[in-house]
Number of protein chains: 2
Amino acid sequence: MAQRQKTRQQRDNLVWAAAKLFRRQGYSGTGLRDILAASGAARGSLYHYFPGGKEQIGAAAVNAAGGLVTETFVELARQADGPADFLHRYSDLLVRWLEASKFRDGCPITTTLLETTPESAAISAAGRAVFADWRGVMADMLRRDGWPASRVPATATAIIAGLEGALLMARVQGSARPIHDTAQALCDLLETNQSRQTRA
Amino acid sequence: MAQRQKTRQQRDNLVWAAAKLFRRQGYSGTGLRDILAASGAARGSLYHYFPGGKEQIGAAAVNAAGGLVTETFVELARQADGPADFLHRYSDLLVRWLEASKFRDGCPITTTLLETTPESAAISAAGRAVFADWRGVMADMLRRDGWPASRVPATATAIIAGLEGALLMARVQGSARPIHDTAQALCDLLETNQSRQTRA
DNA sequence: CATGTATTATGACGACTGGTCTACATATTT
DNA sequence: AAATATGTAGACCAGTCGTCATAATACATG
């Protein structure tokens, strides 16, 4: 039993080391060598847990990192007082993370996905699942806020897309402004529903 | 003189071959070998035109591909009847390109930028310049549409961010829907100004 | 407790590609 | 014809990913 945990931990070490490196340097830019050094595991261990090699650990990294973001979304959606408040809280969080890493740590899955889609079916599938989860959290929140069902999916997608794009631009510019600007504009968008309800 | 053109063309061949490959496979995922094969140039020629090596050709590729998109933006902004019409036209264009390439050709600069920012100062700088151009086109269009100056910059940024994020999600999902959804939501956002003007 | 079987951990090896540089051949201009 | 600009070919070593035979450990059974 103690062993089970220990091995599980080594596997996790591998995945999280990979996730961190992929996020900073990209998928192709990160060698197995780097991952092994960062996780303290040996070369063969990686192929024990991931017979599929780099592609499989890439998919696992997308799953793990994406899942962590999903958890953050869920928790924040629970705490927040509506979608606009959620956006403010999350964009603040994002900015803090970015600045703490000197704009090195962006979205933990986009870089890997852009490099490997659609060449790697496994990684693409992992990415699709993560995006679906994220949209799901947003959609739930919008519905709870009283949005008409017909507009929920598109708006949820747009919010994720906006955040994703803002994060990318913020990294390139080395500035938090794209995130603040985009969050502000998205909040304006969210108001449209408010005003429609008021008018109706 | 004939040679001048020929050499200029060989240099261009290199840049465009690099741009195309970087867009599909990413920066690290593309070897100089691939670029040379695609452009028909020889190994040493690359270092004649780009003494800075891969990093320099990466920056040149971002410049070239980004510039082409800027031109498209400008032309479309001229033709379009306001920002909303622009969004519809551009998203249609995007979807056609995506489908024609079977969702392989996404944004020509994001992948390279995510992989290299901020490690490569040259590529990051090229990316910043391109994004600034894009925001500029959007901002001009919003101003012409009568937007209050105070809201123009943030909205322009949000539009670029939304398109960028939508393009990324569309690639991963292998579907045009994220683009249509995001464009729709952004059009809703653009209406907010309309309604404010009407109310005022 | 002892023994045998899975499971897990290891690092050297090979076939290959990575980006870079040097040496040489050709073309254009002065 | 000399000098400069441009194009070509290949050598170079560090690094890539994946495979393998082997060693160490954990677990289940008699």
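Just so it is clear, the model here is predicted, and its values are computed rather than measured. Below, read A as the first sequence line, B as the second, and so on, with proteins coming before strands; counting in each chain starts at 1.
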Applied to residues 25-47 of chain A, the ring-ring contact (aromatic ring centres under 6.0 Å, His included) test, sequence neighbours excluded, yields A:Phe22-A:Tyr27
Residue pairs passing the ring-ring contact (aromatic ring centres under 6.0 Å, His included) test with at least one member in residues 103-132 of chain B, sequence neighbours excluded, are B:Phe131-B:Trp134
With sequence neighbours left out, the residues meeting salt bridge (charged side-chain N to carboxylate O under 4.0 Å, His left out) with A:Arg128 are none
Contacts of B:Arg23 meeting salt bridge (charged side-chain N to carboxylate O under 4.0 Å, His left out) (sequence neighbours excluded), chain-then-number -> B:Asp105
Per the under-4.0 Å heavy-atom filter, residues of residues 23-37 of chain A near DNA chain C come out as none
Residues two or more places apart in sequence or in another chain: which of them pass side chain to side chain donor-acceptor pair (under 3.5 Å) with [X]?
X: A:Arg143; result: A:Asp140
X: B:Asp92; result: none
X: A:Gln56; result: none
X: B:Glu115; result: B:Ser28

Give every donor-acceptor pair under 3.5 Å between a side-chain atom in residues 172-180 of chain B and any protein atom, sequence neighbours left out.
residue  : atom : partner  : partner atom : Å
B:Gln173 : OE1  : A:Arg135 : NH1          : 2.7
B:Ser175 : OG   : B:Arg177 : N            : 2.9

In numerical order, the residues of residues 50-66 of chain B whose heavy atoms come under 4.0 Å of DNA chain D are none
Per the under-4.0 Å heavy-atom filter, residues of residues 39-48 of chain B near DNA chain D come out as B:Ala42, B:Arg43, B:Gly44, B:Ser45, B:His48
Quick check on C:dA9: is either OP1 or OP2 less than 4.0 Å from any side-chain nitrogen or oxygen of A:Gln10? yes
4.5 Å side-chain heavy-atom contact, B:Ile160 and A:Thr182
no
To the nearest angstrom, the CG-P distance between B:Asn13 and D:dT8 comes to 11 Å
